[in-house]
Amino acid sequence: MIAGNWKMHKTVSEAVSLAKDLGPRVEGLEKVEVALCPPATALWAVGQALAGSSVALGAQDVFWADQGAFTGMISPVMLKEIGCKYVIIGHSERRGRFGKPDESLSEEAGRVFGDTDASVNLKVKAALAHDLVPIMCVGETLGERDGGVTDEIIAEQVARDLSGLSAAQVAGMVIAYEPVWAIGTGRACEAAEANRVIGQIRQAVEHGFGKQAGASIRVQYGGSVTDKNAHELLSRPEIDGALVGGASLDASRFSLIVQAASVIAREVSK
Ligand code: PGA
């Protein structure tokens, strides 16, 4: 499964042109699911542009309450009504775990969105309660990797963020392994290492929710995925797809990634 995270890019008109350019390029490709996650302002319009196509719509975040006095927030009910299937939850840019901290910001300002394992857990539960599929992001910072605690950090995030869910709920989810140091840096994680960590994520899921959930959950890799490295990453057995940032803003590059996924998935299913 390949998802494009457009982050805070594209006005409504720009988003619609990108979706219209992309749709036909990936239409009909077998064994791969595609989702586009535009900014909230463009969700409705992109959903309309994708109507009738096989490309799914996803949001980049969601709040956990259905409605109420929560200025600026968007509820799962609202996302569902406009046709979202997926929602990214707990992206490191929202957890305040930036790969490239803006030196001009104080640490407090850098944590402006403030997502934590506890809020990610509430958001995942709310999304599932409204039949949205969470794309839940986990990943270690450079400091944590250098400190040799990657596996512990990942296991902890998986356990906390999925706490209280049923095995059936977890089985239908998507997790994106996104090492914070690889996001937007042009420095993707090596395929063998991404494959290894994703194996760990699957084990953590199995440990908490059983074999079936571990086998069914789809785990993507994210962080500087391009049309150049997609084949190498996606051909690893544990990697079920990619969450693509920068390269998803270019219809031609993104469709090459989707094509690579389709070719590999077809080979595997032979
Ligand atoms: P990137 O972003 O592909 O631009 O590194 C990935 C992500 O943040 O999901």
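Ligands are counted one by one from 1 in listed order, and the atoms in each one are counted from 1 as well. Numbering starts at 1 and runs along the sequence shown.
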_Gly184 touching ligand 1 at heavy-atom level, < 4.0 angstrom_ = yes
*Could you tell me whether Ile183 and ligand 1 have an N or O pair separated by under 3.5 Å?*
no
*Applying side chain to side chain donor-acceptor pair (under 3.5 Å), which residue pairs with at least one partner in residues 242-258 are found, sequence neighbours left out?*
Asp227-Arg253
*Mark yes when over 12 heavy atoms from residues, nucleotides or ligands other than Glu27 sit less than 6.0 Å from its CD; otherwise mark no.*
yes
*In terms of residue, atom name and distance, what is the protein heavy atom nearest to atom 4 (O) of ligand 1?*
Gly246 N, 2.8 Å
_Less than 3.5 Å apart, any donor N or O on the side chain of Tyr177 or Glu238 sitting next to an acceptor on the other?_
no
*Test item: Arg95 side-chain N/O and Cys137 main-chain N/O as donor-acceptor pair under 3.5 Å*: yes
*Who's the nearest protein heavy-atom neighbour of atom 2 (O) of ligand 1, and how far?*
Lys7 NZ, 3.3 Å
*asked:* In this structure, does ligand 1 have an atom that sits under 4.0 Å from one of the heavy atoms of Gly223?
replied: yes
*Which atoms of ligand 1 are found less than 4.0 Å from any heavy atom of His91?*
7 (C), 8 (O), 9 (O)
*N/O to N/O below 3.5 Å, does that happen between Ser224 and ligand 1?*
yes
*To which protein heavy atom is atom 3 (O) of ligand 1 closest, and what is the distance rounded to 0.1 Å?*
Gly245 N, 2.8 Å
*Would the number of heavy atoms belonging to other residues, nucleotides or ligands and lying under 6.0 Å from CD of Glu190 be above 12?*
no
_Any side-chain donor near an acceptor of the partner, His91 and Glu178, under 3.5 Å_ = yes
*asked:* Using modelled atom types and a 3.5 Å cut-off, is there a donor and acceptor pairing between side-chain atoms of Glu14 and backbone atoms of Thr11?
replied: yes
*Nearest protein heavy atom with distance in Å, relative to atom 9 (O) of ligand 1*: Glu178 OE2, 2.8 Å
*Hey, which atoms in ligand 1 end up nearer than 4.0 Å to a heavy atom of Asn5?*
9 (O)
